[in-house]
Peer 1: 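Have a look at the structure that comes next, please.
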There are 2 protein chains.
Amino acid sequence: MLVTPLDRHLAVLLVRAPEGSIERWTLPWGVPQASDGTLEGTAVRVARGALPSTPAWLEQAGAFADGRRHPGEVDLSVGFVGAVPVGTLSSPGEDAAWFPVSELQPLAPRQRAIVSAAAEGLRVRLDYAPVAFRLLPPAFTLSDLQRVYEILLGHRLHKASFRRALHGAALVEPTDEWRSEGRGRPAQLFRQAVKRRRPRRRTVRFDLLP
Amino acid sequence: MLVTPLDRHLAVLLVRAPEGSIERWTLPWGVPQASDGTLEGTAVRVARGALPSTPAWLEQAGAFADGRRHPGEVDLSVGFVGAVPVGTLSSPGEDAAWFPVSELQPLAPRQRAIVSAAAEGLRVRLDYAPVAFRLLPPAFTLSDLQRVYEILLGHRLHKASFRRALHGAALVEPTDEWRSEGRGRPAQLFRQAVKRRRPRRRTVRFDLLP
DNA sequence: TCGATTTAGTACCCAGTGGATACTAAAGTC
DNA sequence: GACTTTAGTATCCACTGGGTACTAAATCGA
């Protein structure tokens, strides 16, 4: 499942299903080949078939094999989530399209399950992997980054706190470029910082438990 | 992969490999059967073959299919992590044994990869699923619970903060039982509370990013 | 030209949290 | 009965999250 930020929502790339299918759209998918090497290799190959470039981030979302139907009639599917930087594929052409994850086209049942699991996996991985950064180009404004986090978390964030935490973790460094986008004050562009402060010890979080 | 807390470490259940295998031990594993229904059904069946009861918690850790060798010569393995409450299987018998996850017996390469991914997955899920509670019996002391969290996180926690956060989230409720274990003051037994306070909004955590 | 509007970015305040130290409480050990 | 061990609490402090309010720099429109 390839995702990108689109218009304050998370969008999923669907491709047109072949003639005769029940559903009109499907997730991009494919069967492993010997030349793929690993499962991730297969996922990269499938993704490159639908994109002008390789996803900026890719991770497995799980295996799915309950009785639910899959368009290829395969027994077992291994789902992946891939992050596509905003604007990478703005005109997907005739045979593909981005759909907001909340208003997807009808999908085969197993693909629907993959989308749910992958979207949930994205949120869980937010804290442990630079997913949000991979959904943006190398240089971005802090408002861009905050918007991505808001899309992924599903609610608004506080601007000052967001920046304080960001700078506190030394995760971004300013470039000397500025971007003026329509009206409003131009924003400074930042890039992800390579310097690493040693990660803080994980603490316990009881508030997220069901 | 079945895990349980054992002596301040996380332990993994291994079973003796059949005669003629390269390694002497393997993870419990099995091939899906039609009667299993789902992948999780298969995992439950496999777990029950090695345990006196069903694991208290079970979740998929991912699919593994790179070239690495697996004892059953299967193309693809789907790994699961299962939590076994402490003391459930204290004497596994001749053909099985608990090993600390840090000092495992030699395993087939793919199983080694499954153990690594599953252990990492456990830590990630700690915040979102009641894993720690499922590694304990229904009634437990707060020191027990803290010890499990320390085992899973890999470092000591602060007692007062741990309890403040725990009570703040209303996650446990006291029973009227006390447990006296050797010396020291007896500890009150608690159980997981069913009442739910609405979960707080997820905030951003930059400090865990690589 | 001069507001009004929009977006970027900062300053300040306050409540709540994480974590350290230090304490009391209740059991067993010698 | 003093000492040790484990349970559990109190107090203090630094820092964080998040609210309000402010300044800065751009466009739009009358």
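Per chain, numbering begins at 1; letters A, B, ... match sequence-line order. Below, each value reflects all heavy atoms present in this structure, side chains not excepted, and no hydrogens, waters or symmetry copies.
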Peer 1: Scan residues 124-139 of chain B against DNA chain D and write down, sorted by residue number, each residue with any heavy atom closer than 4.0 Å; if none is found, say none.
Peer 2: none
Peer 1: Taking CZ in B:Arg24 as the centre, count heavy atoms belonging to other residues, nucleotides or ligands within less than 6.0 Å. Is the count above 12?
Peer 2: no
Peer 1: Output yes when A:Asp7 and A:Arg147 qualify as a salt bridge under the 4.0 Å nitrogen-oxygen rule, no when they do not.
Peer 2: no
Peer 1: Any donor-acceptor pair under 3.5 Å linking the side chain of A:Thr175 with the backbone of A:Leu189?
Peer 2: yes
Peer 1: Between P on C:dG18 and CG on B:Leu166, what's the gap in Å once rounded to a whole number?
Peer 2: 12 Å
Peer 1: Measure from CG on A:Asp207 to C1' on D:dG17 and round the result to the nearest Å.
Peer 2: 13 Å
Peer 1: Enumerate the residue pairs fulfilling ring pair (Phe, Tyr, Trp, His ring centres under 6.0 Å) with a member in residues 139-159 of chain B, sequence neighbours excluded, ordered by first and then second residue.
Peer 2: A:Phe206-B:Tyr149, B:Phe133-B:Phe140, B:Tyr149-B:Phe162
Peer 1: Using a 4.0 Å cut-off on protein heavy atoms (strictly under), produce a 5'-to-3' string for nucleotides 4-13 of chain C with B for base contact, S for backbone-only sugar-phosphate contact, and - for none.
Peer 2: --BBBB-B--
Peer 1: Would you mind reading off the distance between B:Glu150 atom CD and D:dT6 atom C1', rounded to a whole angstrom?
Peer 2: 14 Å
Peer 1: Rounding to a whole Å, what distance do you find between A:Arg205:CZ and D:dT16:C1'?
Peer 2: 12 Å
Peer 1: With A:Asp127, which residues qualify under side chain to side chain donor-acceptor pair (under 3.5 Å), at least two apart?
Peer 2: B:Arg202
Peer 1: Test for a donor-acceptor pair under 3.5 Å between the base of D:dG18 and the side chain of A:Ser161, counting only N and O atoms.
Peer 2: yes
Peer 1: Scan for side-chain hydrogen bond (donor to acceptor under 3.5 Å, both in side chains) pairs involving residues 44-61 of chain A, sequence neighbours excluded, and state none if there are none.
Peer 2: A:Asp36-A:Arg45, A:Arg48-A:Thr54, A:Glu59-A:Arg125
Peer 1: Could you list all the ring pair (Phe, Tyr, Trp, His ring centres under 6.0 Å) pairs where at least one residue sits in residues 76-129 of chain A, not counting sequence neighbours?
Peer 2: A:Trp25-A:Phe99
Peer 1: Atom CZ of B:Arg202 and atom P of D:dG17: how far apart are they, to the nearest Å?
Peer 2: 13 Å
Peer 1: Just checking, is any N or O donor in the side chain of A:Arg110 or A:Ser77 under 3.5 Å from an acceptor N or O on the other one?
Peer 2: yes
